[in-house]
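Notes follow the structure.
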Amino acid sequence: MERRTIGAGALAVGAVGLGCMPMSWAYSASRQRGEESLRAVHRALDLGVSLLDTADMYGPFTNELLLGRVLKERRQDAFVSTKVGLLVGEQHIVANGRPGYVRRACDASLRRLQTDVIDLYQLHRADPEVPVEETWGAMADLVRAGKVRALGLCAVGARGGRRTPGPRLYDATLRQLRRVQQVFPVSAVQAELSVWSPEALDALLPWCAERGVGFLAAMPLGNGFLTGTLRPGAGFEPADLRARHPRFTAEMMAANQPIVAGLRRIARRHGEDVTAAQVALAWVLSRGRQVIPVPGTKQERWVTQNAAAAGLRLTPRDLAEIDGLPAAQGSWD
Ligand SMILES: NC(=O)c1ccc[n+]([C@@H]2O[C@H](COP(=O)([O-])OP(=O)(O)OC[C@H]3O[C@@H](n4cnc5c(N)ncnc54)[C@H](OP(=O)(O)O)[C@@H]3O)[C@@H](O)[C@H]2O)c1
C-alpha cells in the first residue's frame, strides 16, 4: 500500500488507516463482536493499513483494551493513534484538559494498549475551563518523556464539542491550532472529511498543507451512508449515533440517494468489483498527499475493501462528476 507521512517528524503510515470506533462505540451495540473486530485489526495490519485510530473514551476504554490484545503481538506493524481529553460521565461526555489528568490518562492508555509509546496522541476536545496551552504543554511533556511520539488535534465545535461542520466550527479549530503551535508542533489534525461533508477542504486542509501537518479524515464514509449499504427507513438501534442524526432520518436518507447513485455510477466504470465506498475513499485520498482517511469498521470484509481503495485512481471525469453531485441535505443541528 502507498505510504503517507505525518508531521515534521515524517512518520510513515499506510495511506488508508482504520477507524476502530465502531468496534466498541457509537454504532449498534448488539453488533459489536470482539473476535470479529480482532480479525479485522489483524487483516488491516496484514494489508499495510498501519494507522489504528482509537480514543480512551471509545467504550469507554474497551476499544483501547481490544487493540492492546493485537499490539501485544504486532506492535511493529502498527501506528497507534489515540486521544485524550473527553470523559464519559453518568449523563454527559465532559472535557478534562487539566495537566495532571492528561498525564494519568496517558499512562492508563499505554497500559490498556499494552505498549510503551503512543505514535500520535490527539487532543479530542479542549477543556473550556483550562487554557489549551496548558493541556498541550502537558502533552508536549509526554513527548519529551518518550511516552508519545507526536501530537495531534481533533477539530472542535464552537458549541462545546458539538459536531457542526462549517466555517464556525473550523474557525474555532484554527484559533486553537495557532495557539498550540506556539507551544509544541502539531503533527496531525483530525476532522470530518467526506464527499457529503467537504467543509474541511477549504477551511482546514490549506493550514495543514502549508505546514506539512497530516490530516486524518474522520467519517470518510459518511457514517456508512456513502457505501450505499444502508436502507432508508430501516432504522437504527437507540444507542446508534445515527438514530439521532439529522442526515439519517428516512426522509433525508432518501433525499441524499443521488449522492450514492453518483458514487455507484463512477464505481461501475472502474470495474464490477469496485464499490461506492471505495470511490468515496479514493476521493478523500485524492484531496492531498497529507490526507489519511480512517474509515471505521469492525468487519474484516470492509477492511479488505477499504484498503483496496488506496489503489483506485479517479480520473478527471470522475472528480468532476463528484464535484457536480448535489450538496447533502439535512443540517447537523
Ligand atoms: N475525532 C473525532 O471527534 C471523531 C469523531 C468520529 C469519528 N472519528 C474517527 O473516524 C473513524 C471513522 O468514522 P466513523 O467510523 O464514525 O464513520 P465512517 O468511517 O464514515 O463509517 C463507518 C461505518 O461504515 C461502515 N463501513 C465501513 N466500511 C464499509 C464498506 N466498505 N462497506 C459498507 N459499510 C462500511 C461501518 O460498518 P461496520 O461498523 O458494520 O463495520 C460503519 O458503520 C472512527 O472510527 C474514529 O476513529 C473521530
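Values below: every heavy atom of this structure, side chains too, minus hydrogens, waters and symmetry copies. Numbering of ligands and ligand atoms starts at 1, following listing order.
Shown in contact with K298 at under 4.0 Å from a heavy atom are these atoms of ligand 1, numbered in order with element: 38 (P), 39 (O), 40 (O), 41 (O). Remark: ligand 1 atoms within the under-4.0 Å shell around heavy atoms of Q305 are 30 (C), 31 (N), 32 (N). Atom numbering of ligand 1 starts at 1 in the shown order; those under 4.0 Å from a heavy atom of T229 are 33 (C), 34 (N). Those atoms of ligand 1 that come under 4.0 Å of a heavy atom in D53, given as number and element, are 9 (C), 46 (C), 47 (O). The contact set between ligand 1 and R125, taken as ligand atoms under 4.0 Å from a residue heavy atom, comprises 3 (O). For ligand 1, the atoms sitting less than 4.0 Å from at least one non-hydrogen atom of T227 are 29 (C), 30 (C), 32 (N), 33 (C), 34 (N), 35 (C), numbered in the order shown with element in parentheses. The contact set between ligand 1 and Y27, taken as ligand atoms under 4.0 Å from a residue heavy atom, comprises 14 (P), 15 (O), 16 (O), 17 (O), 22 (C). Taking a cut-off of under 4.0 Å to the non-hydrogen atoms of R242, the atoms of ligand 1 that pass are 43 (O).
When heavy-atom distances to ligand 1 are checked against a 4.0 Å cut-off, Q190 comes that close only through its side chain, counted from C-beta outward. Residue contacts with ligand 1 for T275 are absent, since no atom lies close enough (heavy atoms, distance under 4.0 Å). Residue A218 touches ligand 1 through backbone and side chain together, judged by heavy-atom distances below 4.0 Å. Proximity of L221 to ligand 1, defined as any heavy-atom pair under 4.0 Å, is shared by backbone and side chain alike.
Heavy-atom distances between Y58 and ligand 1 reach below 4.0 Å in at least one pair. Taking a 4.0 Å cut-off on heavy atoms, P220 registers as neighbouring ligand 1. At least one heavy atom of H124 sits closer than 4.0 Å to an atom of ligand 1.
Considering backbone and side-chain atoms alike, T54 places every N or O at 3.5 Å or more from each N or O of ligand 1. At least one N/O-N/O distance between M21 and ligand 1 falls below 3.5 Å. Between A277 and ligand 1, not a single N/O pair is under 3.5 Å apart.
For the residue pair P295 and N306, the shortest heavy atom distance occurs at CB-ND2, 3.7 Å.
A donor-acceptor pair shorter than 3.5 Å cannot be found between the side chains of Y121 and K147. Under 3.5 Å, the side chains of T54 and N63 contain a donor-acceptor pair of N or O atoms.
Under a 3.5 Å cut-off, the side chain of R264 and the backbone N or O of G228 do form a donor-acceptor pair.
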Assess whether side chain to side chain contact (heavy atoms under 4.5 Å, CB included) is satisfied between I6 and F79, documenting all intermediate values. CA-CA 11 Å; I6 288 184; F79 180 96; 4.1 Å; yes
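Nearest-residue assignment for atom 27 (C) of ligand 1 (options P295, S24, P22, G296; heavy-atom criterion): G296.
R211 has its side chain out of reach of Q290: every pair of non-hydrogen atoms, C-beta onward, lies at least 4.5 Å apart.
To the nearest 0.5 angstrom, E237 atom CD is 10.0 Å from R242 atom CZ. Interatomic distance, L281 CG to L226 CG, rounded to the nearest 0.5 Å: 9.0 Å. The line from OG1 of T62 to CZ of R112 is 9.5 Å long, rounded to the nearest 0.5 Å. One finds the CG atom of L120 at 8.0 Å from the CG atom of D53 (value rounded to the nearest 0.5 Å). In this structure, CG in L193 is found 5.0 Å from CZ in F215, a value given to the nearest 0.5 Å.
Taking a 6.0 Å sphere around CG of D273, one finds it holds 12 or fewer heavy atoms contributed by other residues, nucleotides or ligands.
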